[in-house]
Chemist: 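My structure is below; once you've seen it, I'll send some questions.
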Amino acid sequence: IKTAAAGSVMKTLRYIAPLCLISLALLCRAEELVIVENGKTTATIVVSANAGVWEKRAATDLAHYIELMSGALPAVADAPGNGPAFFVGAAALAAEPALKQALDAVVKKNPIVRADAIVMRRSAQRVYLAGSNDESHYFAVAQLLQDWGCRWYVPTEFGECIPEQPRLALGSLDRAYAPPFEIRHYWLSWNADSTDAREFRRRNFMTETSMDGMGHALGHFTKKLTP
């Protein structure tokens, strides 16, 4: 009798378990914010009319790479539309003042050179992407694009690796981060090709920031080790 009952329970579970998994998957999907579906979008990217150089570039690049991935080009405007809305830079900080507290909580205190930080947050149909300065606004957008699978391995379009995604969506998003290193860049020799180097740096969270004395300094630190 006990064996028959156990078999009946196991048989029931075999039917219930898949239904539970399907229900959970549907629930998670229902909580997603769909940006693009079947190559179409109603999303808007909101950026201030007084945006800085990299802040403005962040908005236009976000639209550009969404189009490359999905075939749908979101509008870039100074106000949200009726669909999903990305708020970039100062527009995000103005629309959601609590973002400033999140940035202040992670940004490096008493920096020597600079203090970069980003915050990314979703609330219903709104997605906020901002940073602690003009370039960090771009870093926040670059992080979202990397989360979607975009990569930039070398400068120019030759080094881009952009996935094809006819459907783009976002789940929950609430992240604030500050890099431990204040200086992050790569060096080009005097005769190197600098085409798109500035864009490549920002898409990989680098800048042109440097300090006096940076250069071939290894000899200074190893002179006691060599004759």
Chemist: Check L145 against M69 and note the closest heavy-atom contact, atom names and distance.
Modeler: CD2-CE, 4.1 Å

Chemist: Report the C-alpha separation of E37 and L168 in whole Å, then their side-chain angles, then the decisive distance to 0.1 Å, and conclude whether the side-chain contact (heavy atoms from CB on, under 4.5 Å) test is met.
Modeler: CA-CA 7 Å; E37 187 80 75; L168 274 178; over 6 Å; no

Chemist: Taking all heavy atoms of A140 and all of I118, pick out the closest pair and write down the distance.
Modeler: N-CG2, 3.7 Å

Chemist: Quick one: side chain to side chain contact (heavy atoms under 4.5 Å, CB included) partners of A178, sequence neighbours excluded?
Modeler: V106, A117

Chemist: Salt bridge check, R202 against E208: does any charged N sit closer than 4.0 Å to a carboxylate O?
Modeler: yes

Chemist: Between T41 and I35, is there a donor-acceptor pair closer than 3.5 Å when you use the side chain of the first and the backbone of the second?
Modeler: yes

Chemist: Tell me, do V34 and P84 make a side-chain contact under 4.5 Å, heavy atoms counted?
Modeler: no

Chemist: How long is the straight-line distance from CZ of R184 back to OG1 of T207, given to the nearest 0.5 Å?
Modeler: 6.0 Å

Chemist: Say you draw a straight line from CZ of R126 to CD of E96; how long is it, rounded to the nearest 0.5 Å?
Modeler: 9.0 Å

Chemist: Just by distance, do the side chain of Q125 and the backbone of A85 share a donor-acceptor pair under 3.5 Å?
Modeler: no

Chemist: Can you tell whether the side chains of R151 and E160 come within less than 4.0 Å, N to carboxylate O?
Modeler: no

Chemist: Where do G39 and A72 come nearest, in terms of heavy atoms and distance?
Modeler: O-CB, 3.4 Å

Chemist: NZ of K40: more than 12 outside heavy atoms within 6.0 angstrom?
Modeler: no

Chemist: Mind running side-chain contact (heavy atoms from CB on, under 4.5 Å) on S172 and R122 for me, showing each step along the way?
Modeler: CA-CA 6 Å; S172 60; R122 176 195 158 196; 5.7 Å; no

Chemist: Could you tell me if the side chain of V47 sits less than 4.5 Å from the side chain of V76, heavy atoms only?
Modeler: yes

Chemist: I'd like to check L33 versus V127 (side-chain heavy atoms, cut-off strictly below 4.5 Å). Are they in contact?
Modeler: yes

Chemist: Before giving the answer on side-chain contact (heavy atoms from CB on, under 4.5 Å), spell out for H64 and T60 the whole-Å C-alpha distance, their side-chain angles and the decisive distance to 0.1 Å.
Modeler: CA-CA 6 Å; H64 171 68; T60 57; over 6 Å; no

Chemist: How long is the straight-line distance from CG of N133 back to CD of E55, given to the nearest 0.5 Å?
Modeler: 10.5 Å

Chemist: Taking atom CG of L62 and atom SG of C150, what is their separation to the nearest 0.5 Å?
Modeler: 9.5 Å

Chemist: Kindly give the heavy-atom pair with the smallest separation between I183 and T209, and that separation in Å.
Modeler: CG2-O, 3.4 Å

Chemist: Using a 3.5 Å distance criterion without hydrogens, assess whether the side chain of H137 forms a donor-acceptor pair with backbone atoms of G131.
Modeler: yes

Chemist: Sort and list the pairs that fulfil ring-ring contact (aromatic ring centres under 6.0 Å, His included) and have at least one residue in residues 140-163, not counting sequence neighbours.
Modeler: Y65-W152

Chemist: Give a yes or no on whether N191 atom CG has more than 12 heavy-atom contacts from other residues, nucleotides or ligands under 6.0 Å away.
Modeler: yes

Chemist: Between Q146 (side chain only) and Q143 (backbone N and O only), is there a donor and an acceptor less than 3.5 Å apart?
Modeler: no

Chemist: Under the side chain to side chain contact (heavy atoms under 4.5 Å, CB included) test, which residues partner D104, sequence neighbours left out?
Modeler: K100

Chemist: Identify the heavy atoms of D193 and L188 that sit nearest to each other, and give their distance.
Modeler: O-CD1, 4.2 Å

Chemist: Please go through V119's hydrophobic cluster and name the other residues, only I, L, V, M, F, W, Y counting, with side-chain heavy atoms under 4.5 Å joining them.
Modeler: V46, F87, L93, L99, L103, Y128

Chemist: Nearest 0.5 Å, please: how far is CD in E135 from CZ in F205?
Modeler: 13.0 Å

Chemist: Got a salt bridge between D134 and K56, using NZ or NE/NH1/NH2 to carboxylate O under 4.0 Å?
Modeler: no

Chemist: According to a hydrophobic-cluster definition based on side-chain heavy atoms being under 4.5 Å apart (Ile, Leu, Val, Met, Phe, Trp, Tyr only), do I45 and I162 belong together?
Modeler: yes

Chemist: For a 4.5 angstrom cut-off between non-hydrogen side-chain atoms, does L144 reach L129?
Modeler: yes

Chemist: With no hydrogens and no angle check, just 3.5 Å: does a side-chain donor-acceptor pair link S136 and D116?
Modeler: yes

Chemist: Answer whether the closest heavy-atom distance between the side chains of D147 and M120 falls below 4.5 Å.
Modeler: yes

Chemist: Hey, what do you get for CZ (F139) to OH (Y177), rounding to the nearest 0.5 Å?
Modeler: 11.5 Å

Chemist: Could you report the tightest heavy-atom contact between V88 and A58, atom names first, then the distance?
Modeler: CG1-CB, 4.0 Å

Chemist: State which residues pass side chain to side chain contact (heavy atoms under 4.5 Å, CB included) with P111; sequence neighbours excluded, sorted by chain then number.
Modeler: A115, E182

Chemist: Quick test of your reading of the model: are E199 and R57 salt-bridged, counting only N-O distances below 4.0 Å?
Modeler: yes

Chemist: Could you pull out all residues at least two apart from Y186 that satisfy ring-ring contact (aromatic ring centres under 6.0 Å, His included)?
Modeler: F200

Chemist: Salt-bridged, E32 to R167, with N to O below 4.0 Å?
Modeler: yes

